[in-house]
Amino acid sequence: MPPVSQSIRVKVLFFGRLKEIAARSQDSIDLAAESNIESLFAYYASRHPELQQYRSSLVASCNREFAPWNTVLHAGDEVAFLPPVSGG
Amino acid sequence: MPPVSQSIRVKVLFFGRLKEIAARSQDSIDLAAESNIESLFAYYASRHPELQQYRSSLVASCNREFAPWNTVLHAGDEVAFLPPVSGG
Amino acid sequence: MAATFTDITKLVHEPIDPVALAAYVRANGDGAIVIFDGFVRDHSKSRRTLYLEYEAYEPMALAKIEEIAAHLHEKFPIHRLAVVHRLGRLEIGETSVYIAVSAAHRAAAFDACRYAIDTLKRTVPIWKKEYFEDGSVWADGELPPVPSATSALKPAS
Amino acid sequence: MAATFTDITKLVHEPIDPVALAAYVRANGDGAIVIFDGFVRDHSKSRRTLYLEYEAYEPMALAKIEEIAAHLHEKFPIHRLAVVHRLGRLEIGETSVYIAVSAAHRAAAFDACRYAIDTLKRTVPIWKKEYFEDGSVWADGELPPVPSATSALKPAS
């Protein structure tokens with residue numbers, strides 16, 4: 001396995017109540033290469049513990065497509081955490 | 001069985017192509033008591049033979065309700081012969 | 001089983017005003033309106049249509065439309081209903097039938113609106129004549145269901 | 001499999017104009033339009049609603065609406081489609097979502113319109129916050145389906 005050689009920068013968006021809990025609508029963050037969406041969420045949950053309770057009722061997107069939690073991130077990706085949708 | 005003692009007068013309406021074939025939209029006719037819708041239609045078919053070919057693709061109404069062909073008529077009834085409906 | 005006295009059920013001989021009807025069925029307690037707008041196509045079975053003429057057995061047609069409205073309220077949790085059919089000569093693109101249904105939730109509004117137009121086309125005594133460049137024809141239609149002979153026999157008078 | 005370039009798919013921050021959208025989807029080759037108009041109810045679970053606020057992940061929401069439109073053309077023989085969702089603050093009675101579908105025949109228009117609103121409510125990243133006299137809540141919603149972990153793993157870069 002090659003050593004982790006560099007960090008990647010991704011853009012992160014929060015919507016609905018997540019935006020209120022994280023007290024921000026977007027962020028830009030440097031992650032270790034090979035980080036995935038799950039570990040990115042864990043980072044924010046460690047800073048805003050209330051987020052953790054919503055983990056099971058969220059979905060994530062990567063580059064504007066719904067994405068599973070184990071999606072590995074790459075530099076420049078745009079990740080969003082999305083509560084249950086209620087448009088209409 | 002009591003003898004037929006009197007005639008009854010009914011109103012008859014024609015719609016769609018039936019109106020064109022019968023060359024009238026309505027008629028008033030005296031029938032033997034106990035006449036039914038079938039015999040009323042037979043009377044008009046005898047006068048306008050082209051009507052007969054539509055017999056199987058018609059319905060009748062009596063007093064503005066769909067009615068079976070063997071419905072016995074009474075004085076003052078309003079009978080209509082209705083081609084397949086095509087509203088909408 | 002809402003009362004139906006607020007419904008609009010009409011046969012008209014002039015153009016239908018969809019904006020007024022949609023506004024009529026809309027109320028602040030609702031959340032959804034479903035509308036069906038049927039209008040005159042410019043062709044029929046590949047022939048170019050010039051215009052249409054609709055005729056009706058008016059009192060019976062109106063009674064049948066009112067029956068549909070009453071039945072919709074029994075069957076679906078809807079609020080208000082407008083069912084209007086136009087008669088006479090209609091030009092291409094003009095609305096022949098307009099149905100608007102309001103409800104608290106969309107499923108009932110969709111179900112009721114569709115049931116209304118399906119039932120209207122099958123049971124309301126209205127007829128359409130299509131005019132083409134080389135003549136006219138009565139449109140194919142559907143034969144309404146009629147109560148069976150036995151059950152509808154009238155008692156002897 | 002009609003082209004979708006004539007569809008209207010929009011997120012707007014101002015009132016929706018239903019008359020213009022209904023007129024847009026209407027064409028003389030069609031015979032039917034089905035419309036869904038969703039608007040702000042004056043209550044939610046027995047509480048009196050003051051107003052709503054809608055927010056969206058706008059670029060993704062618009063892409064998802066466009067996906068729905070493209071999918072409708074694949075799935076149903078429809079002609080034109082308008083799907084418009086409003087964002088921001090909406091007062092009671094104002095339209096939040098308007099969907100109009102034209103088709104030669106009504107079944108396709110009904111099926112497509114219903115499929116559109118059902119899919120929109122389940123998959124488009126839009127959120128509604130309800131304001132009451134004594135506070136506000138994010139509305140209950142639906143969790144969109146997400147591709148399974150295995151199939152969506154990206155190849156190593």
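Numbers restart at 1 for each chain; the letters A, B, ... are given by sequence-line order, proteins then strands.
- Taking NZ of D:K129 as the reference point, atom CZ of A:R17 lies at 9.0 Å (rounded to 0.5 Å).
- Residue D:K121 places its NZ atom among more than 12 non-hydrogen atoms of other residues, nucleotides or ligands, all under 6.0 Å distant.
- Only the backbone of D:A56 comes within contact range of chain A, judged by heavy atoms closer than 4.5 Å.
- Interface remark: D:Y57 contributes backbone and side-chain atoms alike to the contact with chain A (heavy atom separation under 4.5 Å).
- At a 4.5 Å heavy-atom cutoff, the contact between A:S61 and chain D is made by side-chain atoms alone.
- Using a 4.5 Å heavy-atom cut-off against chain D, the contacting residues of residues 79-86 of chain A are A:A80, A:L82, A:P83, A:P84, A:V85, A:S86.
- Shown here for A:V59 and D:V146, the closest heavy-atom pair between the two residues is CG1-CG2, 3.5 Å.
- Chain A forms more heavy-atom pairs under 4.5 Å with one residue of D:E67, D:K128, D:R86 than with any other, namely D:K128.
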Should D:M60 and A:E78 be marked as a side-chain contact (heavy atoms from CB on, under 4.5 Å) after you check the CA-CA gap, both sets of side-chain angles, and the distance that decides it? CA-CA 11 Å; D:M60 182 172 171; A:E78 179 177 291; over 6 Å; no
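- D:D140 CG: 12 or fewer foreign heavy atoms inside a 6.0 Å radius.
- The parts of A:E65 that come within reach of chain D are both its backbone and its side chain, each placing non-hydrogen atoms under 4.5 angstrom from that chain.
- Counting non-hydrogen atoms of other residues, nucleotides and ligands closer than 6.0 Å to CZ of D:R48 gives a total of 12 or fewer.
- Chain A forms the most heavy-atom pairs under 4.5 Å with one residue out of D:G38, D:A63, D:A139, D:P144, and that residue is D:P144.
- Residues of residues 87-103 of chain D having a heavy atom under 4.5 Å from any heavy atom of chain A, listed by number: D:S96, D:V97.
- Residues A:F66 and D:P147 have side chains in contact (heavy-atom distance under 4.5 Å, counting atoms from C-beta outward).
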